Amino acid sequence: MGVYIIAEAGVNHNGSVELAKQLCLAAKEAGADAVKFQTWITEKIITRTVRQADYQAENTGNAQSQFDMLKKLELSHHQFREIKAYCDEIDIQFASTADEPDSLDFLVDLGIPFIKLGSGEIGNIPYLRYAGSKKMPVILSTGMSMLADVERSVNALREGGAEDITLLHCTTNYPCPYDSVNLRAMNTLGNAFSLPVGYSDHTVGIEVPIAAAAMGATIIEKHFTLNRHLEGPDHLASTEPEEFRAMTTAIRNVEAALGTSRKAPTPAEMEISQVVLKRIVAARPIPAGKLLEPEDLSVKRSDTGLPASVWDLVVGTVAKKDYRVDEGVEF
């Protein structure tokens with residue numbers, strides 16, 4: 001299986017099922033393997049007094065509490081059933097991040113292909129154990145964490161029973177400056193835990209996820225919107241359909257270019273080598289029976305003659321026949 005590309009619609013539906021469906025179709029047309037939302041019951045994930053993150057307040061232009069913001073964006077389980085049915089109809093995988101156990105139960109029953117846990121669940125030991133108990137593939141984002149935090153979280157998932165775990169390197173900043181990405185940490189995660197790794201991107205543009213794919217990311221997750229200028233906390237740091245399509249095309253091209261680790265000529269190179277790689281030819285007329293000396297031989301592009309790589313094996317042998325100038329020399 002190639003790089004799995006997730007269009008992170010998140011809360012960019014703005015509380016509208018119809019907008020959510022438009023996001024699903026646009027993600028399908030842009031080449032995503034899955035479109036992912038976020039599922040929660042506001043009262044179960046946040047107190048009423050937590051302020052918005054600075055980027056949320058700036059992007060929404062609203063000084064409301066984080067509770068009030070999330071409540072306006074919350075979709076019901078019934079609405080998610082409708083969105084899932086639409087995804088099935090247009091043949092794109094539906095996924096959603098479950099932010100608390102009740103929503104996780106609902107999504108598992110709904111038939112999600114994997115459990116996605118956001119960076120906010122790093123260190124949430126009881127919930128991680130509960131997610132692990134579902135014994136489904138788990139994708140865990142690792143923003144805002146040290147390696148030790150990830151280790152505790154992976155251990156909790158395994159204690160619950162999870163076996164198939166993929167870690168996503170992530171920098172929780174919207175939008176994320178390039179000098180805060182630290183893509184090499186993706187390889188650190190893979191080496192530390194011997195688990196598949198991917199990348200959840202919050203940068204502007206598509207260069208970084210393409211680079212992550214070139215570095216071996218198995219999953220790319222990228223925020224996705226129909227219009228970056230829509231009202232809402234995450235639109236501004238999201239990718240619009242045309243840009244997302246360019247990203248998926250580039251990732252597929254990079255994926256094809258990576259090939260295997262075997263160093264060998266391609267079939268096309270084998271054909272070209274016949275007229276490009278140098279061969280041993282006669283530098284001057286050579287009579288049969290002559291001991292071949294370096295001065296008798298030359299290396300040129302030719303369609304006859306031994307490869308130049310066997311020069312040392314040819315020098316010092318006896319000419320088996322008469323050679324004209326530029327005629328290919330053979331054993």
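Note that the structure is a prediction, hence the values are computed from the model and not measured. For reference, positions follow the sequence shown, starting with 1.
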[X] with [Y]: basic N within carboxylate O range, under 4.0 Å:
X: Glu330; Y: Lys321; answer: no
X: Asp105; Y: Lys134; answer: yes
X: Asp88; Y: Lys84; answer: yes
X: Lys222; Y: Glu243; answer: no
X: Arg152; Y: Asp149; answer: yes

Give the ring-plane orientation class for [X] versus [Y], where under 30° counts as parallel, over 60° as perpendicular and anything between as tilted.
X: His13; Y: Phe37; value: tilted
X: Tyr4; Y: Phe114; value: perpendicular
X: Tyr174; Y: His202; value: tilted

Discussion item. Please evaluate residues Lys300 and Asp326 with respect to the criterion side-chain contact (heavy atoms from CB on, under 4.5 Å), reporting the C-alpha separation (whole Å), side-chain torsions for both, the decisive distance (0.1 Å), and the verdict.
Written reply: CA-CA 8 Å; Lys300 295 182 179 181; Asp326 282 347; 2.8 Å; yes

With sequence neighbours left out, the residues meeting side chain to side chain contact (heavy atoms under 4.5 Å, CB included) with Lys44 are Ile41, Glu100, Asp102

With no hydrogens and no angle check, just 3.5 Å: does a side-chain donor-acceptor pair link Thr225 and Ser238?
no

- Task: Compute whether any side-chain donor of one residue and acceptor of the other, for Asn14 and Ser16, lie under 3.5 angstrom apart.
- Result: no

Taking atom CD as the centre, does Glu271 end up with more than 12 heavy-atom neighbours from other residues, nucleotides or ligands that are less than 6.0 angstrom away?
no

ask   = Would you say Glu163 has more than 12 foreign heavy atoms packed within less than 6.0 Å of its CD?
value = no

Worksheet item: Is Asn12 close to Leu230 at the side-chain level, that is, under 4.5 Å between some pair of heavy atoms?
Response: no

(Q) Does Asn173 form a side-chain hydrogen bond (donor to acceptor under 3.5 Å, both in side chains) with Thr171? I'd like the steps, not just the answer. (A) CA-CA 6 Å; Asn173 194 354; Thr171 304; over 6 Å; no

